[in-house]
Protein chains: 2
Amino acid sequence: MRFSTRGRYGLKAMFVLAQHYGKGPLPLKQVAENQGISEAYLEQLIGELRKSGLVKSVRGAQGGYLLGKAPEKITVGDIIRVLEGPIAPADCVVADDADICDQADRCVTRLIWERVRDSVSEVLDSVSLADMLAQASEIQGGSPQCQPISQ
Amino acid sequence: MRFSTRGRYGLKAMFVLAQHYGKGPLPLKQVAENQGISEAYLEQLIGELRKSGLVKSVRGAQGGYLLGKAPEKITVGDIIRVLEGPIAPADCVVADDADICDQADRCVTRLIWERVRDSVSEVLDSVSLADMLAQASEIQGGSPQCQPISQ
DNA sequence: CAAAAACCAAGTGGAATAGTAGGAATTAAA
DNA sequence: TTTAATTCCTACTATTCCACTTGGTTTTTG
């Protein structure tokens, strides 16, 4: 029951962009170095974030990436859903195609997965990048960094 | 962010054993057929549950498996932890080796993963097999079945 | 024009998942 | 005492996903 590096790296990258919000585009190289993440790998992830509209890009020299919306309007859940897919501990509780399960109304384990899904969604949707910025300034020298190399 | 079939099948199997609690050992073949799960695969999973003490086995003809404790004393969290490992959306918030992260006190994304971990744990630890039995009798003909073939 | 950057597509090694296959040991019942 | 039912154990396999790497092309600024 782990999130992969896709979601975790993506969230860190978005946090870095949030810290730079309003200061123009930030080159991916700086984001990657800041977090100790492979730039080429992060490039793939941020490409998906761009297609989703959560980030914008500026091409060419002096270019880079920026948040597509204000930090208040981007939640952790938004980011995770783009990079990890729908939040659901089992296929039968993926919100959109809930009717995939023909036994839905008689299934007891499904009730468990629904509760897990809802509680994870509630946590992730309740935290915005702006909230994370606020928390970072509470924590002295706050950074999104956690295990620079393997995390 | 899915649980694998390990945890999902294991939970279903445990629910079936709970339904049979107090009635002697139940052969794995019946559990597997009831749920439409490969018996040989389920055998591996229930072996781990047995080693953890959550189920007991009776060998030989007329043998089978039984819950190791009363349904009230076994939670979904117990089962999931045996089959899926510690509940933690990222390695840096695996309870035991929390100190794996040298930046723990300055890390902002870690706070998110801690909240996710705790909320998932809270849900899974708050539901026992006995609770599931009660829910099953509320739902007419309640079964743990959900998508018999692929789930 | 040169350098900095985003963009794109394809390949790669390793690990985990979701099983299969085949047998050995144990026990109840015929 | 044999037979059938059942657990127990190990090893194998195909597929998928992860976490990258590689090698470019295009766009833009100075």
Side-chain angles (χ1 to χ4, degrees), chain A residues 1-13 17 20 24-33 35-52 54-68 80 83-85 89-91 147-151, chain B residues 1-13 17 20 24-33 35-52 54-66 68 80 83-86 89-91 147-151:
Chain A
M1 225 283 297
R2 302 277 188 281
F3 286 109
S4 69
T5 57
R6 294 174 55 83
R8 302 205 312 273
Y9 289 180
L11 177 57
K12 287 180 181 209
L17 293 184
H20 200 253
L26 191 63
L28 195 61
K29 188 178 187 184
Q30 288 185 40
V31 178
E33 278 173 5
Q35 294 301 311
I37 297 171
S38 150
E39 186 188 344
Y41 183 42
L42 188 54
E43 193 179 290
Q44 291 177 26
L45 307 181
I46 209 149
E48 297 177 44
L49 291 168
R50 182 180 56 82
K51 281 168 195 156
S52 77
L54 293 180
V55 305
K56 289 176 185 163
S57 64
V58 177
R59 299 189 69 168
Q62 309 302 112
Y65 292 94
L66 326 84
L67 291 188
I80 293 297
L83 294 170
E84 302 264 355
D91 289 334
Q147 257 183 306
I149 290 142
S150 69
Q151 288 287 301
Chain B
M1 224 281 298
R2 301 278 188 281
F3 287 108
S4 69
T5 57
R6 294 175 54 83
R8 303 202 314 270
Y9 288 179
L11 177 56
K12 288 180 180 207
L17 293 184
H20 201 253
L26 191 63
L28 195 62
K29 188 178 186 183
Q30 289 186 40
V31 179
E33 277 173 3
Q35 294 301 311
I37 297 172
S38 152
E39 186 187 344
Y41 183 43
L42 188 55
E43 194 179 290
Q44 293 177 24
L45 307 181
I46 208 150
E48 297 177 43
L49 291 167
R50 182 180 55 82
K51 283 169 194 155
S52 78
L54 292 180
V55 305
K56 289 176 184 162
S57 64
V58 177
R59 298 189 70 170
Q62 309 302 113
Y65 293 93
L66 325 84
I80 293 297
L83 294 170
E84 302 264 356
D91 288 335
Q147 254 183 310
I149 289 140
S150 67
Q151 289 284 301

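Chain naming here is simple, since letters A, B, ... match the order of the sequence lines and numbering starts at 1 in each. Not measured: the values here are computed from a predicted model. No hydrogens, no waters, no symmetry mates; every other heavy atom, side chains included, goes into these values.
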With the sugar-phosphate defined as primed atoms, P, OP1 and OP2, and the base as all remaining atoms, what B/S/- string results for nucleotides 25-30 of chain D, 5' to 3', for protein heavy atoms under 4.0 Å? -BBBS-
From CD of A/Glu39 across to P of D/dA19 the rounded distance in Å is 19 Å
Give the rounded distance in Å between these two atoms: CD of A/Gln35 and C1' of D/dC20. 18 Å
On DNA chain C, does the nearest nucleotide to B/Glu84 precede the nearest nucleotide to B/Glu43 from the 5' side, or the other way round? Give the residue. B/Glu84
Can you tell which of C/dT20, D/dT21, D/dC18 lies closest to the side chain of B/Ser38? C/dT20
Taking NZ from A/Lys51 and C1' from C/dA6, how many angstroms apart are they, rounded to a whole number? 12 Å
When rounded to whole Å, the CD to C1' distance for the pair B/Gln44 and D/dA11 reads 10 Å
Give the rounded distance in Å between these two atoms: CG of A/Leu42 and P of D/dC18. 16 Å
Can you tell which of C/dG19, D/dT7, C/dA6 lies closest to the side chain of B/Tyr9? C/dG19
Give the rounded distance in Å between these two atoms: CD1 of B/Ile37 and C1' of C/dA18. 12 Å
Does C/dC7 have OP1 or OP2 under 4.0 Å away from a side-chain N or O of A/Tyr65? yes
Length of the line joining B/Arg6:CZ and C/dA16:P, which is rounded to integer Å: 11 Å
Counting just side-chain N and O atoms, does B/Arg50 come under 4.0 Å of either OP1 or OP2 of D/dC9? yes
Ranking D/dT22, D/dA19, C/dA6 by distance to the side chain of A/Ser4, first place goes to D/dA19
Using a cut-off of strictly less than 4.0 Å, decide whether A/Thr5 has a side-chain nitrogen or oxygen near OP1 or OP2 of D/dA19. yes
Rounding to a whole Å, what distance do you find between B/Lys29:NZ and D/dC8:P? 17 Å
